[in-house]
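Have a look at the structure below, then the notes.
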Amino acid sequence: MAEQLGELSRTHTCGALRPGDVGTEVVLLGWVHRVRDLGGVLFVDVRDREGVTQVVFDAGAATMAKAKRLRSEFVVGVAGAVRRRSAETVNPKLDTGEVEVAVRELTILNEAKTPPFPIADDTPVSEEVRLRYRYLDLRRGRLQANIGLRHRITATIRRYFDAQGFWDIETPILTKSTPEGARDYLVPSRVHAGEFYALPQSPQLFKQILMLSGMDRYVQICRCFRDEDLRADRQPEFTQVDVEMAFARPTTIFGVIEPLMAEVMSVIGVTLARPFRRMPYSEAMAVYGTDKPDLRPGMPIQDIREVFRASSFRVFRDIVAGGGTVRGFVVPDSGATSRSEVDGLVDEAKALGGSGLVWARRGEDGTITSSVMKAVGEADVTRMLDATGTGQGQILLVAAGEPDAASKLLGQLRLNIARRRGMLKADHWEFVWVVDFPLLEWDAEARRYLAMHHPFTSPVDEDLDLLEREPGRARAKAYDLVLNGTEIGGGSIRIHDAGLQARIFSLLGITPEEASLRFGFFLEALEYGTPPHGGIALGLDRIIALLLNESSIREVIAFPKTAAAVDLMAGAPSAVDRRQLKELHLA
RNA sequence: GGGGUGGUAGUUCAGUUGGUUAGAACGCCGGCCUGUCACGCCGGAGGCCGCGGGUUCGAGUCCCGUCCACCCCGCCA
């Protein structure tokens, strides 16, 4: 039977008591973590958010009979005196392990069904069960710690932006669908038959409008919604730290975000070196085979076309002559790599869709071997090893063909090798700004250009005259922030000039009529004195997952959804009443 | 949309070439126990083998379909 709280007031949390409190009368409120019933004497670990404290029911205690009823996860209040534990019974694993509470009065505030999985230890439980009983999973140490850190990070972020003069401004959740980019979540209007609101993919247009409204510096920790297929690092709703600044150029944004990240990292006791490295998109693609390079393992991809320009190896010579590439990277300390492991890499390359992987190695004794020794000849194999600085005991992995495809393949292999060899150290933090993204990308299927970032992204000044001549070569004032191979943010300087915006729309094949239909309110607003402005959005869930070394953002979201976008606890989505559908003009 | 891994007790798992009564650990319930802290000891209960078909004398095991969870590709301006 549950008892009332009455006048019972907590004096300390379950993580607070120390030897200095010995002798004081305290009241603890919390959950029964574990019971150890020794017959005569009975120990209970009482748990709350802050920790665990052992309370004791001594032999002959008036409350003993009641204490015998206690089971895991009962909610209790205990009143009693703090006493020091004898030297042999101190528990060094608990912060409160030097003391215990001798219970004088026990209140059972609530009973509890036996939980489907243990709360008191962090033994693994299937994610399906954890998500079904998320409220219990949230009681366990892992999520308590994760959600706690998340709070400290968001508190740090808010404090930082306030100190920098940013205003936190809310933007609409019910907004207008703009069918560029990701699929929208739609909300039917009851008042307007057949019309819909969309949930924001991001507050992009609103934050830009706030700049022309003179708000100068905007920040919002806001939920965004995208109806796309999910991944370990993608949920249908996720949280962005959304930032926009008037009169900004890229370095203005970097100058705000780098100290922010330093503050964030300091929460977990890490000091960051600044400024962060900056790398053009073209370099990231060429040297790491990705637009989000993980700089921890080294092993840059090198261009070795020169070796084959006049080689007798026709396959590579023809590829180079035809505008293709030959690239490779050196795996250090691979002397121990067995022949079967090397063959495994060749298979792996095939599985990744590569046309082929060539290897060459210099043995510990200097002996040179290669998968193409016969075809290429020892002289060119040696030149290849020399050109890439492949030392004794090292192996060079080479791919040839179309430049992007070859680099992407090598980039994937590089990461797989790094992962297997433990070269991705969880306590190394490699930040890099990837800059100078292409403004546009060619959509071969639709036979037209698409905005790589979004259609409001400003081109780089020097490339303005490329827009009509060679649009594919124009670079954007866009940047991504990458941490350890994860994109944790992206942004751009925006177009603030209606004329330039019109040119971009025309490049994207958007007619003035279409543009006005989709973003008319925004384009009209631009005409009333828009300052140059730009911003960034940081992926808060991803940042926190990285800090905690969690491989899925579900571990840092209190109530996440499954890969099929289902909330297993609440049971969403669900069918609705026919009457509701009728009101919404959907039935 | 495509590919992969898994689904057996409340939980985490084992389960032989298809063969008799489907096991273990933890948890749970009962008993004993005065210094435990993953307390210990003794005893007990607990199963739609994800679901639906099929093959077979016989299916947890083989085949087909389907659902769920996770990972990856496509997708995510």
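Quick note on labels: first sequence line is chain A, next is B, and so on, each numbered from 1.
Each of A:D436, A:D461, A:D463 was compared with A:K477 under the salt bridge (Lys or Arg N to Asp or Glu O under 4.0 Å) criterion, and only A:D461 meets it.
Checking B:rU11, B:rC28, B:rC37 against the side-chain heavy atoms of A:S72 singles out B:rC28 as nearest. Comparing atom distances between the A:D229 side chain and each of B:rU12, B:rA69, B:rG74 picks out B:rG74 as nearest. Listed candidates were B:rG10, B:rC28, B:rG35. Nearest to the side chain of A:D58 is B:rG35. Side-chain atoms of A:L38 lie closest to B:rG35 of the nucleotides B:rG35, B:rA69, B:rC37. Among the nucleotides B:rG30, B:rC71, B:rU12, the one closest to the side chain of A:A232 is B:rC71. In the set B:rC71, B:rC37, B:rC76, B:rC37 carries the atom at the smallest distance from any side-chain atom of A:Q54. Nearest nucleotide to the side chain of A:R36, out of B:rA38, B:rC37, B:rC29: B:rC37.
The aromatic ring centres of A:F57 and A:F43 sit 6.0 Å or more apart.
Between the CD atom of A:Q235 and the P atom of B:rC71 there is a distance of 9 Å, given to the nearest Å. When rounded to the nearest whole Å, the span between OH of A:Y133 and C1' of B:rU12 equals 16 Å. Residue A:D233 contributes atom CG, which lies 7 Å from atom P of B:rC72 at whole-angstrom precision. Per the geometry, NZ belonging to A:K561 stands 13 Å off P belonging to B:rA69, to the nearest Å. Nucleotide B:rC68 holds its C1' atom 5 Å from the CD atom of A:E128, rounded to whole Å. Atom CE of A:M64 and atom C1' of B:rC33 are 12 Å apart (whole Å). The distance from atom CG of A:D121 to atom P of B:rG27 is 9 Å, rounded to the nearest whole Å. With rounding to whole Å, A:Q240 atom CD is found 12 Å from B:rC76 atom C1'.
Across B:rG15 and B:rA24, the matching C1' atoms stand 11 Å from one another, rounded to whole Å. Taking atom C1' on both nucleotides, B:rC49 is separated from B:rU61 by 10 Å, rounded to a whole Å. A gap of 12 Å separates the C1' atoms of B:rG6 and B:rG50, to the nearest Å. On the P atoms, B:rU8 is 16 Å away from B:rC62, given to the nearest whole Å. Taking the C1' atom of each, B:rU11 and B:rG58 are spaced 32 Å apart, rounded to whole Å. To the nearest whole angstrom, the two P atoms, one in B:rA45 and one in B:rG10, are 15 Å apart. Between the P atoms of B:rG44 and B:rA25, the separation comes to 13 Å (whole Å). Between B:rC57 and B:rU16, the distance separating the two P atoms is 23 Å to the nearest Å.
Taking OG of A:S492 as the start and CD1 of A:I536 as the end, the distance is 9.5 Å to the nearest 0.5 Å. Of the inter-residue distances, the one linking A:T530 atom OG1 with A:I209 atom CD1 reads 9.0 Å to the nearest 0.5 angstrom. A distance of 9.5 Å separates CG of A:D233 from CD of A:E487, quoted to the nearest 0.5 Å.
Among the heavy atoms of the strands, none lies under 4.0 Å from A:P118. Using a 4.0 Å heavy-atom criterion, one finds that A:R83 contacts the bases of the nucleic acid, with or without backbone contacts as well. As judged by a 4.0 angstrom heavy-atom cut-off over every strand, A:A564 is placed among residues touching the sugar-phosphate backbone only. A:D227 comes within 4.0 angstrom of nothing in the nucleic acid, heavy atoms only. A:A59 comes within 4.0 angstrom of a base, heavy atoms only.
In this structure, the aromatic ring of A:F117 is not positioned over the six-membered ring of the base of B:rU11 within 5.5 Å between centres and 30° between planes.
Positionally, the nearest nucleotide of RNA chain B for A:D45 lies more toward the 5' end than for the other of A:R554 and A:D45. Heavy-atom nearest nucleotides on RNA chain B were determined for A:G60 and for A:S126, and the one closer to the 5' end corresponds to A:S126.
For B:rC70, the paired base is B:rG4 (Watson-Crick or G-U wobble, both distances below 3.5 Å). Shown here, B:rA24 forms a base pair with B:rU12; the pair counts as Watson-Crick or G-U wobble because both key distances fall under 3.5 Å. Using N1 to N3 plus N6-O4 or O6-N4 for Watson-Crick, or N1-O2 and O6-N3 for G-U wobble, each under 3.5 Å, B:rG43 pairs with B:rC29.
Scanning atom types as modelled, one donor and one acceptor separated by under 3.5 angstrom connect the side chain of A:R231 and the base of B:rG74. Side chain A:E100 to base B:rG35: a donor-acceptor pair is found below 3.5 Å. Contact annotation: side chain of A:R132 to base of B:rG10, donor-acceptor pair absent below 3.5 Å. For B:rC75, the base has a donor-acceptor partner in the side chain of A:R234 [N/O atoms by modelled type, under 3.5 angstrom]. In the interface, the side chain of A:R85 is paired with the base of B:rC37 through a donor and an acceptor atom under 3.5 Å apart. The base of B:rC37 lies outside donor-acceptor range of the side chain of A:R34, with no N or O pair under 3.5 Å.
Smallest separation of non-hydrogen atoms from A:P455 and A:L508: CB-CD1, 3.6 Å. Nearest heavy-atom pair across A:Q235 and A:I557 is CG-CD1, 3.9 Å.
In terms of phosphate contacts, A:K113 brings no side-chain nitrogen or oxygen within less than 4.0 Å of OP1 or OP2 of B:rC28. The phosphate of B:rA69 (OP1 or OP2) has a side-chain N or O of A:T562 nearer than 4.0 angstrom.
Using cut-offs of 30° and 60° on the angle between ring planes, the pair A:F456 and A:H454 is tilted. Below 30°, between 30° and 60°, or above 60°: for A:W433 and A:Y479 the angle between ring planes is above 60°, a perpendicular geometry.
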